[in-house]
Amino acid sequence: MNKKFLAFSTVVTLGAGIYATDASAAPYTVKTGDTLWSISQEYSMSVEELQQINNIDSTVIYPNQKLAVAKEATKYTVQPNDTLFNIAVAHNVTVEQLIAWNGLTSDLIYADDTLAVSPSVAVKANTAVPEQVAGTYTMEATAYTAYCTGCSGITANGTDIRENPNLKVIAVDPNVIRLGTKVWVEGYGEAVAADTGGAIKGNRIDVFIPNEVDAYEWGRKNVEVKILK
């Protein structure tokens with residue numbers, strides 16, 4: 001597909017900054033090479049949420065800067081005839097998550113109960129490397145977005161990533177990684193090789209990130225790519 005190529009290195013060399021504290025979670029200490037996007041992925045948050053709870057309007061961060069990585073839970077008041085299932089569907093979560101976030105011991109709920117429909121503290125994402133690995137590459141990774149002039153949003157294998165912005169998709173050289181292959185990308189997670197690109201040749205990949213600011217945050221880096229069985 002036609003897509004916008006975003007490959008900008010992140011420069012972080014200055015001192016510590018000011019952060020907004022939150023008693024419900026220890027702050028995160030920024031490391032060299034971190035970006036707001038990489039931190040947001042680690043803590044299952046969006047860049048906008050990180051900016052909001054830290055009262056910052058820039059995407060520039062610095063080594064040793066302290067960032068709050070907690071967020072208040074979204075609350076929902078149970079209505080007559082509600083069930084955990086329909087509440088979960090309405091808020092794009094699972095019944096199991098609702099039970100865990102609210103300390104429930106059964107699926108019984110009552111009208112006028114107040115339920116948390118998001119975690120009160122950001123839970124670190126599962127970044128464990130999958131066990132079933134068929135091969136490993138070190139590749140140069142850049143990022144792209146489907147929301148740009150001339151971008152169709154349709155990948156090489158026909159996936160509509162505008163309609164499915166939460167999909168983890170990478171562009172590959174099909175001579176190196178076949179389209180349709182499931183992969184694990186360091187700092188990105190499990191994804192599918194579903195796209196190609198004119199500049200993506202050899203040991204290079206392009207990771208799809210729906211938000212343009214977050215795509216810029218990714219920059220250009222060498223990552224480990226594992227081919228999953």
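Computed from a prediction, not measured in an experiment: that's the story for all the values here.
Judged purely by atom type and a 3.5 angstrom limit, N164 has no side-chain atom pairing as donor or acceptor with the backbone of L167. Side-chain N or O atoms of Q79 include one that pairs as donor or acceptor with a backbone N or O of T77 at under 3.5 Å.
Residues Y188 and F208 form a side-chain contact, since some pair of their non-hydrogen atoms from C-beta on lies under 4.5 Å apart. When side chains are defined from C-beta on, L67 does not count as touching T29, because their heavy atoms never get closer than 4.5 Å. Within the 4.5 Å cutoff, no side-chain heavy atoms of Y28 are placed close to those of K66. You'll find the side chain of T59 stays beyond 4.5 Å of the side chain of Y216, heavy atoms only. For the pair K229/V133, no side-chain contact is recorded, criterion being any heavy-atom separation below 4.5 Å from C-beta on. Between D34 and I61, the closest side-chain pair of non-hydrogen atoms falls below 4.5 Å.
A donor-acceptor contact closer than 3.5 angstrom links the side chains of D206 and T142.
Within a 6.0 Å radius of CD in E186, other residues, nucleotides and ligands contribute more than 12 heavy atoms. Heavy atoms from other residues, nucleotides or ligands lying under 6.0 Å from CG of N222 number more than 12. Within a 6.0 Å radius of NZ in K182, no more than 12 heavy atoms belonging to other residues, nucleotides or ligands are found.
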Under 3.5 Å, which donor-acceptor pairs do the side chains of residues 105-115 form with other protein atoms, sequence neighbours left out?
| unit_1 | atom_1 | unit_2 | atom_2 | d |
| --- | --- | --- | --- | --- |
| S106 | OG | L108 | N | 3.2 |
| D113 | OD2 | Y110 | N | 3.0 |

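M139 and V207 fall within a single hydrophobic cluster, where Ile, Leu, Val, Met, Phe, Trp and Tyr side chains are chained together by heavy-atom contacts under 4.5 Å.
Judged by the 6.0 Å and 45° rule, K226 forms no cation-pi pair with Y137.
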Intermediate values then yes/no, salt bridge (Lys or Arg N to Asp or Glu O under 4.0 Å), E190 and K168: CA-CA 7 Å; E190 292 191 29; K168 292 289 187 74; over 6 Å; no
